Participant: 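Quick one: the structure is below, and I'll ask about it shortly.
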Amino acid sequence: MRDLILNVNGVQSHVGALAEERLLSVLRNRLSLTGTKYGCGEGQCGACTVLLDGKATRSCLTPASGAASAKITTIEGLEHNGVLSPVQQAFLDEGAFQCGYCTSGMILQATALLHDLPHPTDSEIVEHMDGNICRCGTYPRIIEAVRRASRAVAEGGSR
């Protein structure tokens, strides 16, 4: 067991982790941040997406020790003082979820997109969100939510 210091959602946390334990496991089982979901365990579905230094990353593939020097953001870290981020609010407003299992990964992937490309075209949205799977098929509402969030950010909301 190794003692790691992780910066998760702006808070430094000391956690014990096995040498190759995945970040997903540490977030869910040691830090009780259960918004990040286990989907496929192979980095193919996107349910486990978190941000490492602002970049969308599959936490099921990332060793926790490899994230120790990064700023880690989970779905729980996007809201501030009870106010949802523009992407979270847009997903809610558009009903861009059904069962909700993929939603946290989708929101974090969209957050990274809008950080890098604040005014994406529809094809850029589709390309960037490719790899995040919604088994319920709410893709049209997800695309509209990303469009809405892009407009909200352009109107002065933070990403």
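In this chain, residues are counted from 1 in sequence order. As the structure is a prediction and not an experimental result, all values here were calculated from the model. Because only heavy atoms are used, hydrogens play no part in the values below, and waters and symmetry mates are left out as well, while side chains stay in.
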Participant: Rounded to the nearest 0.5 Å, what's the gap from NZ on Lys37 to OG on Ser59? Could you check?
Facilitator: 11.5 Å
Participant: With a cut-off of 3.5 Å and sequence neighbours excluded, list every side-chain donor-acceptor pair involving residues 45-58.
Facilitator:
unit_1 : atom_1 : unit_2 : atom_2 : d
Thr49  : OG1    : Gly46  : O      : 2.7
Thr49  : OG1    : Arg58  : NH1    : 3.1
Asp53  : OD1    : Lys71  : N      : 2.8
Lys55  : NZ     : Asp116 : OD1    : 3.3
Thr57  : OG1    : Lys55  : O      : 3.0
Arg58  : NE     : Gly43  : O      : 3.4
Arg58  : NH1    : Gln109 : OE1    : 3.3
Arg58  : NH2    : Gly131 : O      : 3.1

Participant: Minimum heavy-atom separation for Leu6 to Ala64, with atom names?
Facilitator: CD2-O, 3.8 Å
Participant: Look at Glu144 together with Arg147 and state whether they make a salt bridge at an N to O cut-off of under 4.0 Å.
Facilitator: yes
Participant: Drop me the distance from Met129's CE to Ile133's CD1, to the nearest 0.5 angstrom.
Facilitator: 12.0 Å
Participant: Are Arg2 and Leu18 side-chain neighbours, meaning at least one heavy-atom pair lies under 4.5 Å?
Facilitator: no
Participant: Hey, could you give me the SG/CE distance between Cys102 and Met106, rounded to the nearest 0.5 Å?
Facilitator: 4.0 Å
Participant: Please examine the side chains of Tyr139 and Val126, heavy atoms only from C-beta on, and report whether any two atoms are closer than 4.5 Å.
Facilitator: no
Participant: Using 0.5 Å steps for rounding, measure from the SG atom of Cys60 to the CG atom of Leu27.
Facilitator: 11.5 Å
Participant: By side-chain contact (heavy atoms from CB on, under 4.5 Å), which residues pair with Arg148, not counting sequence neighbours?
Facilitator: Ala90, Asp93, Glu94, Arg151
Participant: Under the criterion side-chain hydrogen bond (donor to acceptor under 3.5 Å, both in side chains), which of Arg28, Arg22, Glu21 is the partner of Ser25?
Facilitator: Glu21
Participant: With the side chain counted from C-beta on, respond yes when Arg135 and Cys99 share a heavy-atom pair under 4.5 Å apart, and no when they do not.
Facilitator: no
Participant: Distance check, rounded to the nearest 0.5 Å: Asn9 atom CG versus Ile72 atom CD1?
Facilitator: 8.5 Å
